[in-house]
Amino acid sequence: MKLVGKGIAKIDAMPIATGKPVYTEDLAYQDALVVKVLRSPHAFARIKAIDTSKAEKLAGVECVLTYQDVPKVRFTLAGQSYPEPSPYDRLILEDLVRYVGDEVAIVAAIDEKTALKAIKLIKVEYELLEPVLDFEQAIGHSSVIHPEADLHCNFDIGLDKEQNIVSSYKLEAGDVEAELQQCAVVVEGTYYTQAQAHAMMETYRAFSYLDHAGRLVLISSTQIPFHVRRKLARSLQIPASKIRVIKPRIGGGFGGKQTVAVEPFVAAVTLKTGKPALLVYDRKETFTATTSRHAMRLKVRLGADQDGFIQVVDIEGLSDTGAYGEHASTVFSVVGDKTLPLYNKTKAVRFMGNVVYTNKLPAGAFRGYGATQGTFALEATVNKLAAKLQIDPTELRMKNLIKQGETCLTYGGKILGSSALDRCIETGKKMIGWSEKYPRRELDNHKVRAVGMAVTMQGSGIAGIDTASAEIRLNDDGNYTLLIGSTDMGTGSDTILSQMAAETLDTDMEHMIVHAADTDVSPYDPGSYASSTTYVTGMAVVKAAEDLRQQMLTQAARFLEADPQELVFDGTLFQTGDGLRSLTLVKLAELLVLGLGNKQLVGQATYGSPVSPPPFIAGFAEVEVDQETGQVSVLDFVAVADCGTVVNPNLARIQVEGGIVQGIGLALYEDVRYDEKGTLQTNTFMQYKIPTRKDIGTIRVAFEESYEPTGPFGAKSIGEVVVNTPAPAIVNAIYHATGVMLDSLPVTPEKLYRKMQDRPIRQEMEHE
Amino acid sequence: MFTIKELAQPDTLTEAYNLLIAKKNNAVLGGCAFLRMGSYPIATAVDLTKLNLSFIREADDYIEIGAMTTFREIEVSPILQQYANGVLPKAVSHVLGVQFRSVVTVGASVYAKYGFSDLITALLALNAEIELVQGGRMRLAEFLEKPLTKDILSRIWIRKLECRASYQTLRMSASDYPLLNAAVTQTGSHWLVAVGARPRKAAIAQQLSAALSASKIDLEQLDFFANIASEELSFGTNARGTAQYRRAMCKVLIKRAIKEVLMCESV
Amino acid sequence: MRISVTINDKMVHLDVEFDEFLADALRKHGFFSIRKGCDTSCCGLCTVWVDGRPTLSCSVLAFRVDGKTITTIEGVQQEAEQFAQILAAEGAEQCGFCSPGFIMTVLAMKKELTQPTEEQIIHYLTGNLCRCTGYMGQLRAVKMYLGGTA
């Protein structure tokens with residue numbers, strides 16, 4: 001293959017790296033109205049009265065909107081294919097505010113100063129309600145967070161609003177309790193994972209205006225333009241045909257921009273005033289009033305026989321969706337879906353539990369999407385089992401792992417089409433120096449070094465649901481235009497999809513123009529999320545390119561008066577088998593748009609996958625623990641990934657490295673703290689610490705390719721699976737270093753220090 | 001959102017001081033890195049940039065640092081790198097990145113008595129003096145004890161002595177505020193120990209400093225000495241750590257600092 | 001107030017408010033490479049050079065650069081492209097949103113430090129946050145740019 005497998009630079013690399021104006025804010029008109037949002041200072045309150053008269057009178061203020069000015073039709077902000085499995089529990093503005101940061105009023109003014117001044121002039125009278133701040137107290141709490149009668153769900157996701165339960169879920173195969181009785185060894189643990197923030201560098205923002213035909217146009221930093229269009233149509237009660245959503249370059253997403261954030265507010269202003277408007281969230285709003293990862297409590301029980309064969313996996317979860325239910329049920333089900341298949345020598349497996357509303361920042365989609373939380377809990381428990389059985393954790397995995405060609409209890413007879421996870425473990429062990437370093441080495445200055453590991457899987461697209469289309473046009477000049485609706489958010493998917501199209505058409509990148517993510521132009525695509533773009537959209541692109549290639553052969557045969565079957569196309573020339581007649585691609589393109597009886601060729605394909613093949617990673621951490629302070633440094637992290645065929649090694653490697661560092665942040669640094677009133681304290685980069693380059697040690701990445709039979713060129717996904725192993729691998733390494741098993745994230749120095757102080761007591765208790 | 005109504009760029013410190021006290025919400029502009037995080041309206045902002053307060057000068061007995069000197073200038077100053085094992089450059093080098101340190105100024109940091117300051121802890125251990133326009137010259141330790149009055153900090157002096165020093169800090173992540181920090185100096189037989197980010201403002205561990213100065217120290221006794229400081233100082237709880245943890249960590253940092261001082265060459 | 005400032009080798013006169021920060025003034029005048037990522041002076045996205053020194057433009061009041069020399073990435077495109085090409089070959093620009101500020105710091109480092117060690121490189125660049133790349137690809141690119149091997 002000429003292009004697939006090549007680590008070429010991204011097609012947009014130079015302009016975005018050197019500061020060209022290609023992002024949302026750069027494209028907004030300089031005189032666009034500045035939109036600001038007044039937010040609730042209370043975690044749970046009813047608006048008794050709201051007086052906007054002073055704000056409206058302020059010179060330069062163009063509009064002030066409150067709950068009285070927006071349609072009374074509920075919707076969800078979750079970027080999911082219709083019908084969405086998230087509850088319709090929102091209005092653009094409502095008289096009930098459900099968390100500190102919830103929107104109360106929208107102001108648009110000629111400049112930022114005026115808008116902020118106007119915000120201060122709005123007087124709101126609140127009736128304070130008792131908030132639900134502890135998600136373990138949410139079920140049965142006297143406060144009902146969503147009492148509204150018109151709360152609606154497209155599916156039965158187990159919503160019980162009186163109990164603050166947004167979703168209940170149970171997946172069971174075999175008899176867990178009975179099988180546990182039979183197990184020689186049972187280990188268990190209860191784990192807490194925090195509401196991690198996406199912290200993409202470009203905060204949420206959108207710019208809206210009315211075009212020459214009076215249609216509403218949004219330029220939005222989003223992963224989901226088609227979903228945004230549908231949601232705006234519903235929330236604003238205008239026809240979808242009157243809305244166009246364009247995604248320019250975006251400064252990172254990580255799933256955050258799979259949930260609609262700012263678009264309804266800015267669109268409402270443009271509809272009301274007829275004027276261009278820009279809404280840019282500052283960092284504090286981004287932390288306080290968008291979405292985060294779902295915080296969870298996960299209780300795991302593992303049963304095994306004396307030889308270390310895992311017989312039972314039982315996970316019970318409680319997930320905190322915050323004030324609104326975006327992605328509540330789906331993130332939760334993924335906890336089980338992407339963990340239970342890992343170990344398939346089991347006799348019974350179960351995942352069950354509830355997702356609850358609380359009066360806190362809503363949770364949403366975030367890279368890993370439940371698999372991150374599930375992997376942490378499962379892998380920590382598997383490492384506990386290894387410790388209990390005194391088996392090397394890598395050997396315990398090798399014994400129990402699902403292998404290519406095998407099935408598992410939850411697969412319903414489906415077969416795992418590809419896996420190189422066993423090779424990933426072997427390679428990772430060599431790279432980290434496992435045999436020399438496992439489990440620990442004492443240094444003389446109160447420091448100890450140790451290694452730990454974990455494995456994980458994710459999916460590639462959402463099986464049977466998310467469906468992407470692609471079109472490739474042969475242009476009049478012999479170049480191609482690839483039209484897609486997926487949303488490159490810096491990942492390089494536009495480049496990767498072009499590589500696939502160019503490969504299929506035997507051309508090079510220079511002849512492949514790619515246009516993406518404009519709802520007026522692009523074929524439908526749900527957007528880039530659920531690890532779908534390389535795998536699902538990629539397959540649509542390959543099929544569209546094959547379709548076009550076939551059409552080109554047919555047309556070339558027509559002009560050459562030959563049989564299409566006997567034509568050979570090398571990317572530039574069509575030739576008959578005997579080599580006597582030929583036609584260049586450029587000539588064919590020219591002929592197709594000249595004169596009568598012609599048709600410009602467009603290859604088209606729509607693809608949805610019946611399966612979601614898992615990519616795998618084996619992650620290995622080497623840490624150094626300062627035994628006097630509890631401080632943990634990651635010295636080295638090795639990740640060996642199986643993402644099927646690696647389409648672009650450089651871009652895939654960066655995905656892994658970036659995901660590992662995000663996972664290190666989850667493991668060690670990214671603490672989420674609220675005060676007693678429900679105000680998020682960790683709402684700046686001074687308080688919420690994402691890793692800097694001093695915090696991460698060395699990250700090393702390798703690939704062990706498998707060939708996924710259902711994927712384009714054998715490819716699977718890579719974008720999400722990368723974030724899952726650092727937390728359990730680091731916690732495992734800390735255990736090997738100190739004997740302390742940690743069960744809540746992040747691992748702060750004091751947390752570890754205290755556990756180390758408690759060590760003798762703990763050991764005594766175990767002896768009793 | 002903070003606002004500035006009027007701007008004054010005085011030519012003398014006296015003029016600057018008079019402008020500052022003329023109105024309640026007049027304020028001196030420091031490095032301005034933290035300005036945006038507040039939301040106070042400033043009536044007249046007094047800007048000191050025309051007063052030539054950006055300097056690090058070495059005299060026979062003193063090193064003098066102007067209030068408008070940035071952290072970055074401290075970090076790369078050959079004078080300070082060579083003095084007291086470079087304890088001041090070391091201390092400020094932990095503060096975020098170069099582009100931040102190019103903005104924040106010495107005067108504003110010290111005047112504000114920030115509890116999280118790395119600089120103040122190191123300056124305390126160097127027994128630095130400061131000069132206030134109205135309050136005059138005094139020891140930094142004395143200034144930290146005084147209630148905050150409206151004044152302008154113009155300069156800092158460090159007496160040049162044969163001094164060995166160590167700076168230690170514990171942070172939850174590299175670019176975070178310190179969870180705790182400590183600086184220890186030895187000048188002849190005289191020791192000075194300062195601990196900051198308790199999370200309250202830095203203070204000198206008087207008893208420990210006296211104890212160290214009065215004894216001949218060997219490495220076996222470090223625990224004994226470190227205990228003195230963790231007992232005599234008060235510690236508080238904030239998001240980064242509890243008082244109890246800080247107390248325990250104080251011992252660790254001081255032990256390490258004393259050890260480093262004993263090991264290092266006098267400069 | 002009106003200030004006179006040399007931006008990318010060109011003397012310009014800007015009308016700025018007393019409480020206006022340099023980052024906002026620069027964006028207003030068409031320097032779109034200036035991005036804000038934090039509001040708390042700690043992400044490095046808005047890094048420009050003030051008199052040659054990498055500085056957070058979000059934290060410098062605009063009036064204070066009166067008479068000074070400002071350099072944005074628009075003013076050093078040739079050098080920036082030279083490094084950006086190496087960065088892109090690693091795929092380490094990713095979303096690109098933090099790249100201009102990062103590149104300005106890298107270019108400043110090259111002028112300031114001779115043959116820096118890996119530790120010195122990391123220390124110099126710590127003020128530039130990135131959420132996409134995990135920093136390793138950036139480090140490989142910087143090392144190559146400085147003439148070593150990654």
Side-chain angles (χ1 to χ4, degrees), chain A residues 7-10 12-23 25-26 30 113 198-203 249-254 280 282-284 489-492 648 650-662 664-665 684-687 690-694 696 698-701, chain C residues 17 19 24 27-28 30-45 72-74 76-77 80-81 83-104 118-119 121-123 125-139:
Chain A
I8 58 173
K10 283 166 53 184
D12 53 356
M14 292 306 285
I16 65 172
T18 57
K20 299 298 185 291
V22 290
Y23 299 85
E25 193 182 4
D26 308 334
Q30 287 266 22
K113 258 189 184 173
H198 305 86
M200 68 296 277
M201 285 297 123
E202 185 199 34
T203 59
R249 295 296 99 190
I250 26 179
F254 311 112
V280 176
D282 62 24
R283 184 55 65 183
K284 203 168 159 186
M489 66 198 102
T491 50
N648 183 320
N650 286 7
L651 297 180
R653 175 158 69 160
I654 292 285
Q655 281 298 305
V656 183
E657 290 170 347
I660 295 302
V661 168
Q662 213 166 30
I664 290 173
T684 66
F685 282 142
M686 296 301 286
Q687 301 300 335
I690 65 170
T692 68
R693 63 194 79 227
K694 274 185 187 167
I696 55 166
T698 303
I699 319 287
R700 293 183 294 144
V701 172
Chain C
E17 307 278 338
D19 46 19
D24 300 312
R27 265 201 85 88
K28 212 195 286 179
F31 297 96
F32 288 117
S33 70
I34 313 300
R35 309 213 172 108
K36 293 201 284 183
C38 70
D39 314 307
T40 48
S41 310
C42 54
C43 74
L45 263 62
T72 73
I73 200 168
E74 284 90 346
V76 286
Q77 280 288 296
E81 277 173 22
F83 173 63
Q85 253 154 13
I86 302 170
L87 191 68
E90 285 294 327
E93 79 293 347
Q94 282 285 296
C95 85
F97 203 71
C98 73
S99 298
F102 171 66
I103 291 177
M104 289 308 282
E118 182 170 316
E119 199 185 334
I121 292 171
I122 289 172
H123 180 67
L125 300 175
T126 290
N128 290 91
L129 294 180
C130 166
R131 190 62 155 173
C132 293
T133 64
Y135 303 116
M136 298 306 296
Q138 292 183 343
L139 182 62

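All values reported here derive from a predicted model rather than from experimental measurement. So that the names make sense, note that chain A is the first sequence line, chain B the second, and so on, each numbered from 1.
- The main-chain N or O of Gly91(C) is never found under 3.5 Å from a side-chain atom of Asn650(A) such that the two would form a donor-acceptor pair.
- Closest heavy-atom contact between Tyr23(A) and Cys95(C): OH-O, 2.6 Å.
- Of all the listed residues (Cys98(C), Gly101(C), Pro100(C)), the one sharing the greatest number of non-hydrogen pairs under 4.5 Å with chain A is Pro100(C).
- For the atom pair OG1 of Thr203(A) and CG of Asp39(C), the computed distance is 8.0 Å after rounding to the nearest 0.5 Å.
- Using a 4.5 Å cut-off between heavy atoms, Ile103(C) touches chain A through its side chain atoms alone.
- For Ala84(C), the parts lying near chain A are the backbone and the side chain together; criterion is any non-hydrogen pair under 4.5 Å.
- No donor-acceptor pair under 3.5 Å is formed between the side chain of Glu93(C) and the backbone N or O of Ile16(A).
- Contacts between Gln655(A) and chain C at a heavy-atom distance below 4.5 Å involve the side chain alone, from C-beta outward.
- Ser41(C) contributes atom OG, which lies 8.0 Å from atom CE of Met686(A) (distance to the nearest 0.5 angstrom).
- A distance-only check finds a donor-acceptor pair linking the side chain of Tyr135(C) to the backbone of Pro691(A) [under 3.5 Å].
- In terms of heavy-atom pairs under 4.5 Å with chain C, the best-connected choice from Val280(A), Ile660(A), Ile8(A), Asp282(A) is Asp282(A).
- Chosen from Ile250(A), Thr692(A), Thr491(A), the residue pairing most often with chain C at heavy-atom distances under 4.5 Å is Thr692(A).
- Considering only heavy atoms from C-beta on, Met201(A) stays 4.5 Å or farther from Arg35(C) through its side chain.
- Contact annotation for Lys284(A): only backbone heavy atoms (N, CA, C, O) come within less than 4.5 Å of a heavy atom of chain C.
- Residues Val661(A) and Arg131(C) form no side-chain contact, since every pair of their non-hydrogen atoms from C-beta on lies 4.5 Å or further apart.
- Contacts of Phe102(C) with chain A are made by side-chain atoms alone, with heavy-atom separations under 4.5 Å and no backbone atom involved.
- The two atoms that bring Ile73(C) and Thr18(A) nearest to each other are CG2-O, 3.5 Å, heavy atoms only.
- Formation of a donor-acceptor pair under 3.5 Å by the Lys10(A) side chain with backbone atoms of Ala88(C) is not found in this model.
- Interface remark: Asp19(C) contributes side-chain atoms only to the contact with chain A (heavy atom separation under 4.5 Å).
- Between chain C and the options Ile664(A), Ile696(A), Val22(A), Asp12(A), the largest number of non-hydrogen pairs under 4.5 Å is found for Ile696(A).
- Note that CE of Met200(A) is 14.5 Å distant from CD of Gln94(C), once rounded to the nearest 0.5 Å.
- Rounding to the nearest 0.5 Å places CD of Glu657(A) at 12.5 Å from SG of Cys132(C).
- Heavy-atom distances place no part of Glu119(C) under 4.5 Å from chain A, backbone and side chain included.
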Show the numbers, then the answer: is there a side chain to side chain contact (heavy atoms under 4.5 Å, CB included) between Arg653(A) and Glu90(C)?
CA-CA 9 Å; Arg653(A) 175 158 69 160; Glu90(C) 285 294 327; 3.3 Å; yes
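- For the pair Asn128(C)/Arg693(A), a side-chain contact is recorded, criterion being any heavy-atom separation below 4.5 Å from C-beta on.
- Going from atom CD1 of Ile699(A) over to atom CG of Leu139(C) covers 11.0 Å, rounded to the nearest 0.5 Å.
- For the set Gly7(A), Gly251(A), Pro15(A), Gly665(A), the count of heavy-atom pairs under 4.5 angstrom toward chain C peaks at Gly251(A).
- The candidate from Gly30(C), Gly37(C), Ala92(C) with the greatest count of non-hydrogen atom pairs under 4.5 Å with chain A is Gly37(C).
- Here Arg249(A) contributes atom CZ and Phe97(C) contributes atom CZ; the two are 13.5 Å apart, rounded to the nearest 0.5 Å.
- In this structure, chain C has heavy atoms under 4.5 Å from both the backbone and the side chain of Glu202(A).
- With a threshold of 4.5 angstrom between heavy atoms, Gln77(C) approaches chain A through side-chain atoms but not through N, CA, C or O.
- Only the side chain of Leu45(C) comes within less than 4.5 Å of a heavy atom in chain A; its backbone stays farther off.
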